[in-house]
Amino acid sequence: MDTKYWNIDRLGRLYKDWDPKVLKELETKIAKSHWRPGYHITTKTGLLNDPNGFSYFNNQWHLFYQAFPYGAVHGLKSWQHMVSDDLVHWKFIDKPMVPDLSSDRNGCYSGSAINVDGKLFLMYTGNTFEGEEMARHPYQLGAWMDNDNNISKLDHPLIESEPAGVTGHFRDPQVIKHGEYYYAFLGAQTVDNNGEILTYRTKKVDDGWKLYKKLDLGTDNLGYMAECPNVGFIDGKVVVIFCPQGADKHEFHYDNVHPNAYIVADDLDFEEMKLINPSEMKQLDEGFDYYATQVLNAPDGRLLSVGWIGLPDTEYLSDQEGWEGELSMVRELHIEHGDLTQRPVQEFKQLIEEDEASDTDLQKHIEAAPFDEHFNLNLESEDSYLRLSYDESDQEWTLKRKNVGQEVSIRTFKGEASSVDFYLDNTVFEIYILGGKITMTGQFFHDGDEVRVNSENMSVKQNKMSNM
């Protein structure tokens with residue numbers, strides 16, 4: 001980040017005070033980019049990060065995301081809005097939720113949405129900094145959205161401040177309904193610098209929220225902050241997905257700056273707010289860039305998820321072009337033999353063309369047939385590459401990435417041999433192994449107009465992918 005340009009004034013400037021020419025200049029610059037994805041959601045300009053408000057309302061799928069449109073930096077956050085009829089083709093709705101209250105003046109932070117009596121209710125964290133020391137003071141706020149996608153914020157906070165024993169790092173409410181109560185799961189940091197997930201509840205979604213209990217996950221290894229908690233129900237089980245920043249790596253191995261994790265349980269005891277027979281904490285994704293996953297128990301019975309292809313506290317090569325971040329393909333989640341599986345929703349098959357892809361096609365679906373011992377699947381371009389390999393003797397997968405002008409990064413993990421589904425969208429990749437028991441997601445900044453595919457000890461089929 002250019003700290004000389006991105007001073008406190010520009011990072012916190014209200015949207016109404018920006019010169020419209022800034023967005024026009026960014027659009028012109030980004031139009032020349034050769035790194036933009038085709039079928040993944042990305043921002044028109046500036047920064048995209050956490051998905052928010054994933055919901056089904058008014059016969060459409062709705063998906064918001066945190067954004068700062070004036071540059072590829074974490075400036076004053078708003079919620080940008082997308083809608084879809086099929087979870088694949090998304091349309092941008094130019095009615096963002098921007099900071100315009102005293103209680104969200106330093107950013108509309110993450111939250112969720114729930115359909116309530118024919119209107120969509122949004123619950124989100126309003127970020128503020130107060131006093132000479134600029135102490136963080138979070139408000140949990142609400143808004144209603146009508147059938148024309150007009151958002152009206154409530155005139156009162158739902159939760160005025162963090163509870164006793166918790167710092168200003170108190171955010172990211174996920175709202176669900178169970179029985180006669182609405183429950184909100186919130187990420188928190190204690191004054192002792194420990195992460196936890198707190199629950200609030202009410203009988204009226206837009207008022208009366210009271211602290212209920214801490215969520216007992218069966219582990220205290222939540223680092224110094226548990227961000228983006230989400231609870232989902234599928235296949236007779238419960239899955240909790242969250243981001244335990246600073247989790248102890250001796251107990252839970254991860255290589256990214258911050259992990260995305262999950263726990264599967266037989267049930268959730270709402271009276272005690274405790275997971276029943278929870279699994280150990282596991283990595284949600286083994287790749288380089290995946291964070292802030294949000295889930296939706298959809299009306300059609302599926303448990304769906306979407307995540308940010310990016311990480312906090314990380315700079316990307318696309319920043320120099322004025323944009324950063326994508327959202328993953330929407331995934332369907334299941335529990336199989338106690339493990340979470342993730343697969344692209346069936347609707348994405350409509351983007352896979354029957355024509356065989358060539359080296360010049362930067363949107364590809366690569367199917368690697370089953371193999372017995374080892375293999376290498378290489379995507380290469382001049383001074384950049386992605387290399388996925390498997391060694392049967394160690395039962396170890398390895399993914400190596402070399403972005404143009406950067407050093408090699410490596411991720412390794414144990415697993416069985418199987419077929420592989422590999423989705424490439426120019427500079428975005430999603431890999432599904434063992435039927436989605438293992439996923440690897442990230443960004444791949446290559447240096448050419450083509451990405452060559454080479455393979456060893458396996459049959460590979462390449463198909464073109466259509467853009468959204």
Side-chain angles (χ1 to χ4, degrees), residues 33-42 87-89 285-290 309 326 328-332 341-391 397-404 411 415-468:
S33 171
H34 68 281
W35 282 336
R36 299 280 281 176
Y39 57 88
H40 283 78
I41 291 174
T42 193
L87 294 170
V88 177
H89 300 88
D285 190 274
E286 300 285 351
F288 299 98
D289 311 287
Y290 196 66
I309 303 178
E326 301 88 8
S328 70
M329 297 187 290
V330 177
R331 300 175 179 182
E332 182 173 349
T341 63
Q342 307 171 71
R343 305 182 186 101
V345 291
Q346 290 293 314
E347 289 88 337
F348 264 96
K349 289 184 177 179
Q350 65 186 281
L351 293 186
I352 301 175
E353 300 182 357
E354 293 185 3
D355 291 340
E356 184 175 344
S358 69
D359 287 345
T360 58
D361 293 314
L362 294 176
Q363 279 79 31
K364 312 181 188 202
H365 173 228
I366 303 169
E367 294 179 279
F371 48 88
D372 296 323
E373 296 180 354
H374 68 276
F375 82 91
N376 291 283
L377 178 62
N378 302 324
L379 283 73
E380 301 176 338
S381 178
E382 304 312 318
D383 184 41
S384 51
Y385 59 77
L386 272 177
R387 294 176 180 169
L388 178 65
S389 61
Y390 180 76
D391 187 340
W397 293 88
T398 301
L399 181 65
K400 295 182 179 181
R401 175 183 69 180
K402 184 174 186 316
N403 287 328
V404 59
R411 296 289 182 268
E416 302 171 20
S418 181
S419 57
V420 176
D421 271 347
F422 195 121
Y423 292 84
L424 178 69
D425 188 6
N426 197 0
T427 52
V428 176
F429 66 89
E430 298 190 39
I431 305 171
Y432 298 84
I433 301 170
L434 289 168
K437 182 178 177 181
I438 299 169
T439 64
M440 308 189 79
T441 307
Q443 301 193 43
F444 168 46
F445 292 101
H446 55 79
D447 53 356
D449 295 324
E450 63 181 39
V451 175
R452 301 178 296 278
V453 177
N454 299 303
S455 61
E456 177 186 334
N457 198 34
M458 62 192 309
S459 174
V460 168
K461 179 182 179 183
Q462 296 187 64
N463 288 105
K464 296 179 182 179
M465 295 286 291
S466 302
N467 291 336
M468 286 198 303

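Counting from 1, the numbers follow the sequence of the chain as shown.
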Asker: Is the centre of the Trp397 ring less than 6.0 Å from the centre of the Phe375 ring?
Answerer: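 Yes: the rings meet the under 6.0 Å criterion.
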
Asker: Give, for atom CD of Gln342 and atom CD1 of Ile438, the distance between the pair rounded to the nearest 0.5 Å.
Answerer: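 If we round to the nearest 0.5 Å, Gln342:CD and Ile438:CD1 are 11.0 Å apart.
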
Asker: If every non-hydrogen atom of Leu386 is compared with every non-hydrogen atom of Phe429, which pair is closest and at what distance?
Answerer: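 Minimum heavy-atom separation between Leu386 and Phe429: CD1-CD2, 3.5 Å.
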
Asker: Test Asn426 against every option in Gln363, His446, His34 by the side chain to side chain donor-acceptor pair (under 3.5 Å) rule and name the one that passes.
Answerer: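 Going through the options one by one, the only one that passes is His446.
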
Asker: Grab the two heavy atoms, one from Ser384 and one from Asp447, that are nearest each other, plus how far apart they are.
Answerer: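 Looking at all heavy atoms of both residues, the closest pair is OG-OD1, 3.0 Å.
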
Asker: Go through the steps to decide whether Leu388 and Met440 satisfy the test side-chain contact (heavy atoms from CB on, under 4.5 Å), and finish with yes or no.
Answerer: CA-CA 10 Å; Leu388 178 65; Met440 308 189 79; 4.1 Å; yes

Asker: With a distance cut-off below 6.0 Å to the six-membered ring centre and an angular limit of 45° from the axis, does Arg411 pair with Tyr290 as a cation-pi contact?
Answerer: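 No - Arg411 does not lie over the ring of Tyr290 by the 6.0 Å and 45° rule.
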
Asker: Tell me whether Arg401 contacts the main-chain N or O of Gln443 through its side chain, where contact means a donor paired with an acceptor under 3.5 Å.
Answerer: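 At least one qualifying donor-acceptor pair exists.
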
Asker: Between Ser466 and Glu353, does the side-chain hydrogen bond (donor to acceptor under 3.5 Å, both in side chains) criterion hold? Intermediate values first, please.
Answerer: CA-CA 7 Å; Ser466 302; Glu353 300 182 357; 2.7 Å; yes

Asker: Strictly distance-based, threshold 3.5 Å: is any side-chain N or O of Tyr390 a donor or acceptor partner for the main-chain N or O of Gly415?
Answerer: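 Answer holds: yes.
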
Asker: Rounded to the nearest 0.5 Å, how far apart are CD of Glu380 and NZ of Lys402?
Answerer: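 It comes to 12.0 Å.
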
Asker: Please check if the side chain of Lys461 supplies one atom and the backbone of His365 the other of a donor-acceptor pair under 3.5 Å.
Answerer: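 Side chain of Lys461 to backbone of His365: no pair is present.
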
